[in-house]
Asker: 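What follows is a single structure, and I will ask about it in a moment.
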Amino acid sequence: MGHLFQRKIIIGVCGGIAAYKSAELVRLLQKAGADVRVIMTQGAQAFITPLTLQALSGHSVHTELLDEEAERGMGHIELARWADAIIVAPAAAETLSSLNAGAANNLLTTVCLASSAPIFLAPAMNQQMWAQPATQQNISALVAKGFHMIGPESGEQACGDIGSGRMSEPSDIVNVVDSFFPSRELQNKHVVITAGPTREAIDPVRYLTNHSSGKMGFALARAAIEAGAKVTLISGPVNLETPGRVNRVDVISALDMLAACREVCKEADIFIACAAVADYRPRSVAQQKLKKTGEDNLTLVLEQNPDIVATIANEYPDLLCVGFAAETENLLEQARVKRAKKQLDIIIANDVAAQPVFGSDTNSVTIISENKEHTISSSTKLEIARQSIAEIARLTSSNKSNATRA
Ligand code: C5P
């Protein structure tokens, strides 16, 4: 326990007799230090009043999608972005079906659809409804889509039936959500992360670049914030929203990125190089737009860019340094060699031949440190980021950064 402190949690309450347990759920989350907001469906309000949950959460309960007043306070998109996690408890059969279909038919399903936060579902329904193939198909599909199921439990039901479909106890729900979050293990640490591509100018209108979307670096920034770190994200040109509480520094070229890294690393503890830095840049940048020469071929002379992560690892030996190795063959061997060559504490090996990585939300990687290699298969970039941050925190706390450097 202890991982819910200052986490921002939305509780979605659906119609069903188990809705009375939501009051206890709100109370337990508050007690754990979470900031709780409640969304109730219309059905839920037939079982428990918004006023009860407002009194317990200390905030107005959200009930309507198209309520002008509520949208002025915290609108549905803002609410979706605000959440670190959403718990739907009780999750009624109809809501499960809507979530699986991606329907945005009320405030709760709309917020779930609009949020990138992890969503926990604690179903509660009559045992016959739970056993129906339609419900079971929805559950399987939701799990495949990344929703987290909590329960249901078996036992006597309010309707007198005995079977599976009772909502899990609020304390069990809190335990599951608590253990999902990493602890605040990077509290008081300053983490610097590079992300995205760099652009290397050829002339005032053209440049060399690559397909990096920046998603992995941004996911790492979010995971480091979740772990309690202060985060500076040095990003090349990307089309992504900055995660909350992250200090973002925008750069264009590899040389800009190196200069920014040198500056912020003066006061950093951990450096994570996730950017796809251009290895070469045009030797000279034309002052005017280059014209066609009339020749069939044009020769562009390139010169090598500095290796940012290797430079930082060398100039700041106390910094824990993490790099990435995107390889198309001999992944692990090449990654181990790269870890040694660049003097990194950790390298995260990424097979770019096996799957479409660029721009995708999922990935498979192996996290390689001095004495541990840990593979994470086909997970979201955020999940990979969280596990990578946990491994980085483990090395930081055992204070092995210098001793274990390759
Ligand atoms: O050598 P390679 O480009 O495969 O190494 C990838 C790792 O090195 C990544 O962590 C990347 O961010 C970092 N890198 C760097 N500066 C460069 C090239 C790569 O920091 N010029």
Side-chain angles (χ1 to χ4, degrees), residues 191-201 207-221 223-224 231-238 240 249-265 268 270-283 302-317 319-354 357-358 363 365-369 381 384-385 388-389 391-392 395 401 405-406:
V191 181
V192 177
I193 301 169
T194 67
T198 62
R199 270 184 199 168
E200 310 300 329
Y207 52 81
L208 299 173
T209 191
N210 58 63
H211 288 298
S212 171
S213 66
K215 284 183 179 174
M216 191 65 226
F218 277 59
L220 280 161
V231 178
T232 304
L233 178 63
I234 300 176
S235 179
V238 294
L240 296 173
V249 178
D250 284 319
V251 295
I252 305 283
S253 69
L255 292 180
D256 295 344
M257 188 174 271
L258 177 60
C261 290
R262 277 187 161 135
E263 190 53 38
V264 292
C265 282
I270 296 163
F271 180 66
I272 308 176
C274 191
V277 184
D279 288 327
Y280 292 89
R281 64 178 183 276
R283 189 158 69 192
L302 303 178
E303 71 180 315
Q304 203 165 1
N305 270 325
D307 189 308
I308 297 173
V309 72
T311 308
I312 295 293
N314 182 47
E315 290 181 7
Y316 297 91
L319 211 55
L320 185 130
C321 285
V322 182
F324 276 73
E327 307 292 342
T328 51
E329 54 183 357
N330 304 328
L331 175 65
L332 296 183
E333 296 91 287
Q334 301 229 43
R336 289 181 201 119
V337 168
K338 207 165 274 186
R339 177 175 172 274
K341 200 168 136 214
K342 298 192 186 216
Q343 291 192 284
L344 307 177
D345 298 278
I346 296 179
I347 196 147
I348 300 174
N350 185 358
D351 189 348
V352 286
V357 172
F358 295 111
N363 202 351
V365 302
T366 300
I367 302 173
I368 303 174
S369 56
K381 287 184 176 173
I384 287 171
S388 304
I389 290 293
E391 182 60 18
I392 290 164
L395 269 192
S401 64
R405 254 197 204 167

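Both ligands and their constituent atoms are indexed starting at 1 by order of listing.
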Asker: Between the protein and ligand 1, which nitrogen or oxygen pairs come in under 3.5 Å, and how far apart is each?
Answerer:
{"unit_1": "ligand 1", "atom_1": "1 (O)", "unit_2": "Lys342", "atom_2": "NZ", "d": "2.9"}
{"unit_1": "ligand 1", "atom_1": "4 (O)", "unit_2": "Lys338", "atom_2": "NZ", "d": "2.3"}
{"unit_1": "ligand 1", "atom_1": "5 (O)", "unit_2": "Lys342", "atom_2": "NZ", "d": "2.9"}
{"unit_1": "ligand 1", "atom_1": "8 (O)", "unit_2": "Lys342", "atom_2": "NZ", "d": "3.0"}
{"unit_1": "ligand 1", "atom_1": "10 (O)", "unit_2": "Ala273", "atom_2": "O", "d": "2.6"}
{"unit_1": "ligand 1", "atom_1": "10 (O)", "unit_2": "Phe324", "atom_2": "N", "d": "2.8"}
{"unit_1": "ligand 1", "atom_1": "10 (O)", "unit_2": "Phe324", "atom_2": "O", "d": "3.4"}
{"unit_1": "ligand 1", "atom_1": "12 (O)", "unit_2": "Ala273", "atom_2": "O", "d": "3.3"}
{"unit_1": "ligand 1", "atom_1": "12 (O)", "unit_2": "Ala275", "atom_2": "O", "d": "2.7"}
{"unit_1": "ligand 1", "atom_1": "16 (N)", "unit_2": "Ile308", "atom_2": "N", "d": "2.9"}
{"unit_1": "ligand 1", "atom_1": "20 (O)", "unit_2": "Ile308", "atom_2": "N", "d": "3.4"}
{"unit_1": "ligand 1", "atom_1": "20 (O)", "unit_2": "Val309", "atom_2": "N", "d": "2.9"}
{"unit_1": "ligand 1", "atom_1": "21 (N)", "unit_2": "Pro306", "atom_2": "O", "d": "2.9"}

Asker: Report yes if the side chains of Leu220 and Val322 come closer than 4.5 Å at any heavy-atom pair, otherwise no.
Answerer: no
Asker: Does Arg199 have any salt bridge (charged side-chain N to carboxylate O under 4.0 Å, His left out) partners at least two apart in sequence or in another chain, and if so, which?
Answerer: none
Asker: So, do Asn305 and Glu200 sit near enough that their side-chain heavy atoms are less than 4.5 Å apart?
Answerer: yes
Asker: Report yes if the side chains of Ser235 and Ile193 come closer than 4.5 Å at any heavy-atom pair, otherwise no.
Answerer: no
Asker: If I compare all heavy atoms of Pro306 with all of Arg281, which pair ends up nearest, and what's the gap?
Answerer: CD-NH1, 3.9 Å
Asker: Under a 3.5 Å distance rule, please check whether Arg339 uses its side chain to pair with a backbone N or O of Asp345 as donor and acceptor.
Answerer: yes
